[in-house]
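As the structure lists them, so they are numbered: ligands from 1, and atoms in each ligand from 1.
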Amino acid sequence: MNETATRARAVIDLAAVRSNVRALCDRAPGAELMAVLKADGYGHGAVPCGRAARAAGASWLGTALPEEAFALRAAGDTGRLMCWLWTPGGPWRTAVEQDIDVSVSALWALREVTDAARAAGRPARVQLKADTGLGRSGCQPADWPELTAAARDAERAGLLTVTGVWSHFACADEPGHPSIAAQLTAYRTALAVADAAGLRPEVRHIANTPALLTLPEAHFDLVRTGIGIYGISPAPEIGTARELGLRPAMTLEASLASVKSAPAGHGISYGHHYTTADDTTLALVPLGYADGIPRAASGSGPVLVAGKRRTVAGRVAMDQFVVDLQGDTALPGDRAVLFGPGDDGEPTAEDWAAATGTIAYEVVTRVGGRVARIHRDSAPEEPTVPAAAGSREGGGAG
Ligand SMILES: Cc1ncc(COP(=O)(O)O)c(C=O)c1O
């Protein structure tokens, strides 16, 4: 283990990412798959996870920020790559020069990207985003005819190619929610308007992981999957990762920084919200809210230490928390596992979400920069999808 990982580490199994991508591709047989790698691959490491996803059949990669897309290009990825969160003055020209598909939701963005295309001397790849009901980015239906017509004009002028028309669900993780059908209807209308404007997008897409898993009619040409490729269920209602055939890729673990005996009646951590019931052994786990451990895990976060699943005793502090071993023994340096695939009785990120009143997306994504990422491959000999081998090509994994 390298020295920076002796305190704590997030160990990421790239074979799990590949297996999840394959499982998700199988669930959407008529569509291509985009691996969503924003926020450093939901905390898992965007570059290695992107390579693993490409190797398993992801023909697209996706990020929120342009900088995140540039980092993938800098690491050698040459396949189809999209990014969607833009602000005025953003680095459009670099995106055009790096062959990145950019999302456009409004006329100001269309103007900026066509200016960038002129400056770069090559057409931009643009994906028009319709707001079908989420109410974040995306063009409102009232403005959509004008945006699609302007995009078609720019296309005719050779400044851009409209490669996609896309949208995003608000409640796909709540199967049966009435907004889902309403958004699908609105999306079909947006596609028809774009078609009437003369646009012939290569890919139409609206599905995230929960829609991929529960809504085949939402698959269209491409599914954008984030949480699923990391082996996590989007919501308990949809099933556990295991039930969905997904394997959690990240194990978050630390080495105990201290183990000591303490008497009954000893207050633990700030505020003394926990008091030892008997003479006991206290283990100190060197991870805290600065590392992304929610303070809401105080008194509730599950941890595997000394062979048993236990609960955080008292408050989570900035750098550390305590576990009461209730008389069991351990040694400084022994492993404490906060979450992992669950094979050895350790909790999962989904368990942490339930224990701390959040979603598993947040649990893995907030694992902080002080925690070393270690990428492992539990199946290094596995065959991978060869580059440029058809629609599910491994397209230029760098
Ligand atoms: C626009 C967009 N598409 C797709 C995704 C992937 O969603 P999920 O992680 O549920 O697959 C996200 C993530 O929030 C997103 O913002």
Side-chain angles (χ1 to χ4, degrees), residues 17 20-21 23-25 27-28 31-44 46 49-50 53 56 58-66 68-69 80-86 100-105 109 126-139 164-175 177 179-180 183-184 187 190 203-216 218-239 241 244-246 248-250 349-350 353 358-366:
V17 174
N20 296 328
V21 168
L24 294 165
C25 284
R27 303 279 291 248
E32 292 184 70
L33 184 137
M34 176 189 290
V36 177
L37 298 167
K38 61 190 178 141
D40 199 23
Y42 292 33
H44 293 67
C49 290
S59 47
W60 287 76
L61 303 183
T63 68
L65 309 185
E68 294 172 328
R80 296 304 292 273
L81 169 60
M82 173 180 178
C83 74
W84 48 77
L85 190 53
W86 288 87
I100 293 166
D101 286 55
V102 300
S103 177
V104 163
S105 300
V126 169
Q127 301 226 3
L128 297 178
K129 185 174 187 192
D131 183 356
T132 55
L134 175 60
R136 298 195 319 202
S137 59
C139 180
V165 171
W166 73 293
S167 192
H168 193 42
F169 280 116
C171 307
D173 56 345
E174 296 175 49
H177 192 284
S179 69
I180 295 172
Q183 282 200 256
L184 269 177
Y187 182 54
V203 283
R204 301 160 300 157
H205 50 111
I206 185 169
N208 51 4
T209 301
L212 159 64
L213 293 171
T214 63
L215 212 60
H219 292 175
F220 292 91
D221 306 310
L222 176 66
V223 290
R224 302 186 309 272
T225 54
I227 201 72
I229 71 170
Y230 307 108
I232 294 172
S233 166
E237 298 74 13
I238 294 178
L244 296 167
L246 301 173
M250 184 191 289
E350 291 162 24
T358 184
I359 53 176
Y361 292 73
E362 187 180 1
V363 171
V364 286
T365 303
R366 65 187 292 163

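If you check which protein heavy atom lies closest to atom 5 (C) of ligand 1, you get His168 CE1, 3.9 Å. Looking at atom 11 (O) of ligand 1, its nearest protein heavy atom turns out to be Thr209 OG1, 2.5 Å. Ranking the protein heavy atoms by distance from atom 10 (O) of ligand 1 puts Tyr361 OH, 2.6 Å first. Summary of contacts: the protein heavy atom closest to atom 6 (C) of ligand 1 is Tyr42 OH, 3.4 Å. From the protein, the heavy atom lying nearest to atom 7 (O) of ligand 1 is Asn208 CB, 3.5 Å. At the top of the distance list for atom 4 (C) of ligand 1, counting protein heavy atoms only, stands Arg224 NE, 3.4 Å.
Between Gly228 and ligand 1, no N or O atom pair is found at a separation short of 3.5 Å. Geometrically, ligand 1 and Pro210 share no nitrogen or oxygen pair separated by less than 3.5 Å.
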In sequence, state the C-alpha distance, the side-chain angles, and the governing distance for Leu65 and Trp84, and then conclude on side chain to side chain contact (heavy atoms under 4.5 Å, CB included). CA-CA 7 Å; Leu65 309 185; Trp84 48 77; over 6 Å; no

Go through the steps for Val102 and Met82 under the test side chain to side chain contact (heavy atoms under 4.5 Å, CB included), then give the verdict. CA-CA 6 Å; Val102 300; Met82 173 180 178; over 6 Å; no

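With a 4.0 Å heavy-atom cut-off, ligand 1 is reached by no atom of Ala172. Using a 4.0 Å cut-off between heavy atoms, Thr225 contacts ligand 1 through its backbone alone, with no side-chain atom that close.
Ring geometry, Tyr230 versus His44: the interplanar angle falls under 30°, so the pair is classed parallel (tilted spans 30 to 60°).
Salt-bridge annotation for Arg80 and Asp101: present, with a side-chain N of the basic residue lying under 4.0 Å from a carboxylate O of the acidic one.
Residues Pro234 and Tyr361 form a side-chain contact, since some pair of their non-hydrogen atoms from C-beta on lies under 4.5 Å apart.
Here the closest non-hydrogen pair linking Asn20 and Leu246 is OD1-CA, 3.3 Å. Across all non-hydrogen atoms, the minimal contact from Ala207 to Leu212 is CB-N, 4.1 Å. What you find for Ile100 and Ala69 is that their closest heavy atoms are CD1-CB, 3.9 Å.
With ligand atoms numbered from 1 in the order given, ligand 1 contributes 8 (P), 9 (O), 11 (O) to contacts under 4.0 Å with heavy atoms of Ile227.
Panel note: side chain Glu350, backbone Ile232; no donor-acceptor pair is recorded below 3.5 Å.
When Arg136, Lys38, Met82 are ranked by how near their heavy atoms come to atom 14 (O) of ligand 1, first place goes to Lys38.
Heavy-atom separations between Trp166 and ligand 1 include at least one value shorter than 4.0 Å.
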